[in-house]
Number of protein chains: 2
Amino acid sequence: MEVMICDHFRSSPLSILSSSSSCFSASPRYHLSMLSYFPSLRLKPSSSSVSCSLMEETHNQGRTKFMDFPFVSSAQKNLMVDLVSTLENRFHSQLLPCTLPLDVQYYQSQTATAQASLHIRSASNESPVDFVLGSWVHSELPTGGSLDITSLSAYLNSSTDAPNFVFEMIRSSPTMLVLILDLPPRKDLVLWPDDLKTFYEDTQLDTHRQALERVPEVQPYFSSSLYIRTVSSPTAIMVRIGTENGGVERMEEIIRDHLHPISKQVLGIWLDRCACAKRDVGEAEIAYLKKRDGLIRNKTIEIDLGSSFPRLFGPEVANRVLEAIKGYFTV
Amino acid sequence: MEVMICDHFRSSPLSILSSSSSCFSASPRYHLSMLSYFPSLRLKPSSSSVSCSLMEETHNQGRTKFMDFPFVSSAQKNLMVDLVSTLENRFHSQLLPCTLPLDVQYYQSQTATAQASLHIRSASNESPVDFVLGSWVHSELPTGGSLDITSLSAYLNSSTDAPNFVFEMIRSSPTMLVLILDLPPRKDLVLWPDDLKTFYEDTQLDTHRQALERVPEVQPYFSSSLYIRTVSSPTAIMVRIGTENGGVERMEEIIRDHLHPISKQVLGIWLDRCACAKRDVGEAEIAYLKKRDGLIRNKTIEIDLGSSFPRLFGPEVANRVLEAIKGYFTV
């Protein structure tokens, strides 16, 4: 999630996330897309004394809150629930319960103007999945509206060199939405042109980006973070959708008729052709993947959690969330 | 140079370069931007018996033809001549004469519907520059108009790890222009985040992209070649400019008032902060640079020279050009 909310957010994609500007006192600069882009959270039960039933209870309680998506429209909720369910169903038996503390699975700012849900499920050893991370953030805006971000990402471990999956919707008003949908590569595609062919060309991934850009209200979106641009794939869908003319109904229509099917198709490609594809990864490559994944995760903490969280939720809550998940960021 | 010329070129940036479509029989799919993006042409006098005066004569003859830019508008010619002169003046004493055969410095298709100039200057050993490549292509279109491409690129050798310089204007009609202006990185910026900071963030490169996108007629341009997207930098300027409403006068105005100053500024950044910056490059890094540069150059020949040249100029001319410059592509 990465939006610098400005009054002129609606008019200029380039003004979003301008590094130097501070648009209002709380200065909520979101960079959770960094979080959804990269982190690898190795989620293990925090102690052997945690009973299975307690673990499940914690999981279920947080999951209910997460899957509720209480602040977004029905089309957006349907899309999120469908993506989460599809992904969870595919890896069903491999996914472990979410064992984050309850006050990290759900947290809010001291004044309750911002609240968030975080749901992370690590996977068992035989899985290619490292972890799956879902979240939503709701924040009241000084202008009277609200900002809502929903995201889902899935990260593979070094048993495979396939790309990860990233999905994020950033809605700063009922008629303004930024969508980030990508399979960010885990290797330098210049050095591995075969991977470019396998994961991006042969899968026809770009046709989905092209289809979306044919919708009149859809414009390319450029993140102000050069790092986010750097880690994204050549077929990354990064778009800004404005429906000032058609209103909230048109936005619902676009989400239902375009974003939903396209996102499902891209997730399908990731599941079938990336996550579940048999890959031979040698030892040198494992070391390379660990190094590259590790660098990205460190950068994530630096850019995202280190700056955006405190501004959004205050230092105390931000620290609690940060400490709870920090350990998982090591590769 | 990379444009698949289609009848609907004017209306849809996404239709450009569609890999599978063939819009007319000659199917002129241009990929010379691959050429301007990557090749390293180690230009050495072809034999010690070549006299200096003959070499200079060959150089001057080809250079006059190149610098004439006979088919483009005055604003475009001014811009090209300014960029070439600025670059050549900076490296003046280091640049060797162009020793390509005259029928490679200028060539045309059998029916003379397509003609081109190619000007390559290698640099002396003490230079950070590997070579400078300039070119123009003029091709009549079956629709009655013409396609004109002008490009300038400069490539550094492995004494430095700084990015290269790429500039290309692809004009498919008097009111339609694609501009590619980039400092493509020579290292994976995910593994070298300090380089991202040094060359792209600290230099404020993205402000120039942003400035250009504020011009109403300017739209982002997505190359259909995922490889070109992959090798480009996070601040790459890839735009499509359409002035159907303002006509050719408006295009001239945009080139003069926006493209020209922005291109000069980006070239200035490249000269001052990249090409001429002191960089410490260790042996392992040299090997890495050679490997990565080499992979890109091989891909260039495969994608660009191997397919576009024969279609544009016929197999015989294409082979002649290809053979003359092939040797330079080895790192």
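Naming convention: chains lettered A, B, ... in sequence-line order (proteins, then strands); numbering from 1 in each chain.
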Enquirer: For the CG atom on B/Asn245, are there more than 12 heavy atoms of other groups (residues, nucleotides or ligands in this structure) within a distance under 6.0 Å?
Expert: no
Enquirer: Check whether any side-chain heavy atom of B/Tyr227 sits under 4.5 Å from a side-chain heavy atom of A/Pro234, and report yes or no.
Expert: no
Enquirer: With B/Ala275, which residues qualify under side chain to side chain contact (heavy atoms under 4.5 Å, CB included), at least two apart?
Expert: B/Phe91, B/Leu156, B/Trp270
Enquirer: How many angstroms lie between OG in B/Ser225 and CD in A/Glu201, if you round to the nearest 0.5 Å?
Expert: 7.5 Å
Enquirer: What part of B/Leu295 is in contact with chain A, defined as an atom under 4.5 angstrom from a non-hydrogen atom: side chain, backbone, both or neither?
Expert: side chain
Enquirer: Quick check on the structure: residues of residues 188-196 of chain B within a heavy-atom distance below 4.5 Å of chain A, by number.
Expert: B/Asp188, B/Leu189, B/Val190, B/Leu191, B/Pro193, B/Leu196
Enquirer: Quick check: do B/Phe222 and A/Arg209 have side-chain heavy atoms less than 4.5 Å from each other?
Expert: yes
